[in-house]
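The structure appears below as structure tokens.
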Amino acid sequence: MDIYKDFEFKDEEIPKYVQIANFIKLLIDKRKIKEGDKLPAIRQLSKKLGVNNVTIVSAYNKLKAEGYAYQKVGSGSYAKRKEVVSNFRREYSNTLKKISTEDLTNIVDFTGETSKEVLFPIDDLKYIINEVLERDGANALLSDNRNGYTNLIDTINKAFWDYKLNNEDILIVSGAQQGIDIASKGILNINDNIIVEKPTYVGALSVFKWRKVNVFEVPIENDGINLNKFEKILQKNEIRCFYTMSYFQNPTGISYSIEKKKRILDLAEIYDFYIIEDDYLSELIYENSLEYVPFKWLDKNDRVIYIKSFSKIFLPGIRLGYLVAPYIFRETLQNSKHNTDITTSSLMQRALELYISDNKWRENIKNLNCEYIKRYAYMKEILEKEFKDILTYKDPKGGLSFYLTLREGFIINTKELFIRLKQKNVYITPGAMFFTAKDDGQDSFRIGFYQTDIEKIEKGMKIIKEELLSTKLRNDQKLNI
């Protein structure tokens, strides 16, 4: 079937290449051209439509610029369906915004998006801020370095890297999300190709979407991404970077094996791409079998842009983190940060520096681990005892959540499950939130214990089980009619 036979130029005032591009966009939106389909060769389409080659080149460039096509080196142009934020994603986001302003006493928040519970010792924070103000006076409100408070940068290098980094490569940022945004703006151009894990963090997907890059997904296994599929993409496409969460990947909870990290770093050198490593929860390791060795520690060729957030483990609402830039991107990423905001809160940077240098950091991490390991163990025990025939999961051995998949026979779209559970004041995160394709993740969901104590875990898990069993019963009754 020739899908181009009905094309005709309808308006002499609109350039021909624009009319061709609009026609192809319509075919993609109507799925007559599917995601990943190869577009006709330039000469072939120019002959068919009676235009010169330059017109088709311009049409294809317009499609790429608007996110409807991407280029494979030496292969041609391919269709890409422009992502549109679904109604459900808006509903999910609006729901969480709404519950954050309500009385959370009777709400079980397995999403971790509210901040009713703060485990950070507030008295310590008061003491630290008073110390900073007494020590530095008005200077505490002034920034001495656009890249971050100089003493904080030095303390981070000393405490976490044993001075193995150059201070000049460390950039203070307002949390991991800003770090991803800065890295994206600094190294990615429109129509660049990147690889992400499948599934992956929705905040990163949002950043890449706005950069209008071509996103390739690689399924994640028990110890990291599938390397065979990863390398096949590298062989066929010019990849600019790979975004990864090396510990307790969001949402799956997977942590990478050292062997896979080493192989990915080797591939980065062979195929000339960079790695954005998002390390946001590696302090929360609960089992000794899991060893902390980030990509950046193994990075001999300066291929890793390392991003670390303190927000979850310092104090919710105080957005602080840092980024380590490869030397080649140091100036670019610094400029990207300065263009995003002029500086990060000087007072909170100084407070964080004192918090780390006084070793209160280690104390608090120890206390957090003691509390979260109780919740982790309790949730895991309930899953083993009460959900063995209902759900499957991979034990994360740390972090703040479990990623669950429905067993065969429990037929319910987890977006629908979200809607039903919210009517009972229980909130989960459906798997669909972590995929680019709207049909993926329908049988999975994430539950976390960041904002749920033992009592709420028990209450929420009981309601989830009741809802899943009643759904199965209804489905079985329909089949028997």
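Remember, predicted model here, so these are calculated numbers, not experimental data. FYI, side chains are in, hydrogens and waters are out, and symmetry mates aren't considered; it's all heavy atoms of this structure.
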Exercise. Give a yes or no on whether a salt bridge exists between Asp181 and Arg211, defined as a side-chain N under 4.0 angstrom from a carboxylate O.
Key: no
Quiz item: Can you name the one residue among Phe160, Trp161, Phe295 that meets ring pair (Phe, Tyr, Trp, His ring centres under 6.0 Å) with Tyr306?
Solution: Trp161
Self-check item: Cation-pi, Tyr322 ring and Lys308 (6.0 angstrom, 45 degrees)
Solution: no
Exercise. Evaluate salt bridge (Lys or Arg N to Asp or Glu O under 4.0 Å) for Asp266 paired with Lys262, printing each intermediate quantity in order.
Key: CA-CA 6 Å; Asp266 287 342; Lys262 288 178 178 178; over 6 Å; no
Practice problem: Kindly state whether the ring of Tyr70 and the ring of Phe216 have centres lying under 6.0 angstrom apart. | Solution: yes
Quiz item: With distance as the sole test, does Asp192 use its side chain to make a donor-acceptor pair with the main-chain N or O of Arg240 at under 3.5 Å?
Solution: no
Quiz item: Ignoring hydrogens and geometry, is there a side-chain-to-backbone donor-acceptor pair from Gln19 to Ile14 under 3.5 Å?
Solution: yes
Quiz item: Using a distance-only test with no angle check, is there a side-chain donor-acceptor pair under 3.5 angstrom linking Tyr393 and Glu384?
Solution: yes
Quiz item: Thinking salt bridges, do Glu221 and Lys229 make one under a 4.0 Å N-O criterion?
Solution: no
Quiz item: Given the rule in the ring-ring contact (aromatic ring centres under 6.0 Å, His included) test, do Phe445 and Phe110 qualify, once you have shown the distances and angles that lead to the verdict?
Solution: CA-CA 10 Å; Phe445 61 101; Phe110 284 136; 9.0 Å; no
Quiz item: Any idea how Phe23 and Tyr4 line up, ring-wise: parallel (<30°), tilted (30 to 60°), or perpendicular (>60°)?
Solution: tilted
Quiz prompt | Ile463, Leu473, Leu421, Ile412 screened by side-chain contact (heavy atoms from CB on, under 4.5 Å) with Leu468, the one that passes | solution = Ile412
Quiz prompt | Lys261 with Glu277: basic N within carboxylate O range, under 4.0 Å | solution = no
Scan the side chains in residues 400-408 for donor-acceptor partners under 3.5 Å anywhere in the protein, sequence neighbours excluded, and list what turns up.
residue	atom	partner	partner atom	Å
Tyr403	OH	Ser444	OG	2.6
Arg407	NE	Lys388	O	2.7
Arg407	NH2	Lys388	O	3.3

Exercise. Tell me yes or no: between the side chains of Glu283 and Tyr372, is some donor less than 3.5 Å from an acceptor?
Key: no
Practice problem: For the pair Gln249 (side chain) and Pro199 (backbone), establish whether a donor and an acceptor sit closer than 3.5 Å, ignoring hydrogens and angles. | Solution: yes
Exercise. Compare every heavy atom of Ile56 with every heavy atom of Leu49, then report the nearest pair and how far apart it is.
Key: CD1-CD1, 4.4 Å
Quiz prompt | Worked check of salt bridge (Lys or Arg N to Asp or Glu O under 4.0 Å) between Arg420 and Glu416 | solution = CA-CA 6 Å; Arg420 290 187 188 179; Glu416 183 184 340; 2.4 Å; yes
Quiz item: Just one of Asp302, Ile305, Asp279 clears the side-chain contact (heavy atoms from CB on, under 4.5 Å) bar with Lys296, so which one?
Solution: Asp302
Quiz item: Below 6.0 angstrom between ring centroids: does that apply to Tyr243 and Phe208?
Solution: yes
Exercise. Supply the atom-to-atom distance Glu197 CD to Glu217 CD, rounded to the nearest 0.5 angstrom.
Key: 11.0 Å
Quiz item: Looking at Thr414, Thr252, Asn250, which hits side-chain hydrogen bond (donor to acceptor under 3.5 Å, both in side chains) with Arg446?
Solution: Asn250
Exercise. From the options Tyr450, Phe248, Tyr286, select the one residue that forms a ring pair (Phe, Tyr, Trp, His ring centres under 6.0 Å) with Tyr376.
Key: Tyr286
Quiz item: Do Thr55 and Asn52 have side-chain atoms, one donor and one acceptor, less than 3.5 Å apart?
Solution: yes
